[in-house]
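For ligands, and for the atoms within them, numbers begin at 1 and follow the listed sequence. All values below come from the heavy atoms of this structure, side chains included, with hydrogens, waters and symmetry mates left out. Just so you know, residue 1 is the first one in the sequence shown, and it goes up from there.
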Amino acid sequence: MVPAVVDDQPEVRQATPQLREELAREGRSLESATPQEIIRWAVDRFGGKLTMATAFGPEGCLIIHWLATISPSTYVFNLDTGYQFPETIELRDRIAKRYGIDVVLEKPATTVEEYERLHGGPIHRTDPDRCCGDRKLSIVTRVLANYDAWMSGIRRDQSPDRAAAPIVGWDHKFGVVKVSPLANWTKAKVWDVIIKENVPYNPLHDKGYVSIGCAPCTRSVTMGEDERAGRWSGSAKTECGLHSR
Ligand code: SF4
């Protein structure tokens with residue numbers, strides 16, 4: 001029996017005016033802080049109610065690298081859609097070995113087989129918004145219901161959608177605080193630290209893949225192409241919806 005995909009979502013929490021004021025103030029002040037200082041602030045402010053989501057991109061791996069020293073018990077999860085590259089799953093194990101941080105593979109309500117049977121085949125080409133909604137957003141909604149704040153590795157210069165991302169702000173979509181310690185960093189700066197400090201990264205980056213998501217929706221890019229050109233290539237879609245309002 002194939003389980004039905006659950007469409008009902010819990011009501012989204014709202015920030016109090018006091019919290020909004022605090023976030024605006026802290027956001028301004030943390031603009032000049034280092035990512036480690038921002039992570040430390042988030043850990044001190046939210047304690048066990050802070051979590052982190054990662055797709056094991058270079059930014060996420062770098063945050064885990066710092067988190068291993070600052071707060072290794074922070075709950076870190078990955079959206080295990082069932083469509084990820086084997087190299088991505090293997091990176092999860094390398095990170096666990098190196099840092100002792102076991103990133104939890106959080107799964108959607110259905111396996112890939114069940115999901116494709118429900119829809120008469122894969123829908124990542126025909127209806128990628130639905131697919132991302134069912135296999136990514138539903139997981140984040142479920143996990144974040146237990147937390148007050150989440151961290152992500154997004155950077156403002158990754159895409160126009162992310163250009164205004166605050167270091168700390170209210171996430172209207174999921175009803176929690178969102179912390180982006182690398183929001184004002186560049187790709188070059190991220191890779192500089194990864195190489196210098198020997199941080200584990202996805203080997204697909206050495207094969208022309210810049211931004212890596214699910215295998216069917218990711219291709220390698222050529223010189224001069226946009227950083228996220230390899231995601232949902234050939235369609236108008238640019239984001240899975242996690243980081244857009
Ligand atoms: Fe589905 Fe592609 Fe979104 Fe992954 S990235 S959830 S395969 S549409």
Practice prompt. Answer yes or no: is there an ion pair linking R45 with E26, defined by an N-O contact shorter than 4.0 Å?
Written response: no
Worksheet, complete the sentence: The atoms of ligand 1 lying under 4.0 Å from a heavy atom of C132, numbered in the order shown, are 3 (Fe), 5 (S), 6 (S), 8 (S)
Worksheet item: Hey, is there an N, O or S on C131 sitting under 2.8 Å from atom 3 (Fe) of ligand 1?
Response: no
Worksheet item: Quick check: does any side chain N or O of T74 sit under 3.5 Å from a backbone N or O of S71, one acting as donor and the other as acceptor?
Response: yes
Worksheet item: Is the charged tip of R135 near the ring of Y115: under 6.0 Å from the six-membered ring centre and within 45° of its axis?
Response: yes
Discussion item. If you define the side chain from C-beta out and look only at heavy atoms, does anything of R130 sit under 4.5 Å from H119?
Written reply: yes
Item to complete: For C217, counting its heavy atoms only, list the atoms of ligand 1 lying under 4.0 Å from any of them.
Response: 2 (Fe), 5 (S), 7 (S), 8 (S)
Worksheet item: Near atom 2 (Fe) of ligand 1, is there an N/O/S atom from C214 that is less than 2.8 Å away?
Response: no
Practice prompt. Taking only Lys NZ, Arg NE, NH1 and NH2, and the carboxylate oxygens of Asp or Glu, determine whether R142 and E106 approach each other closer than 4.0 Å.
Written response: yes
Response to the item:
If we number the atoms of ligand 1 from 1 as shown, the ones under 4.0 Å from a heavy atom of P128 are 8 (S)
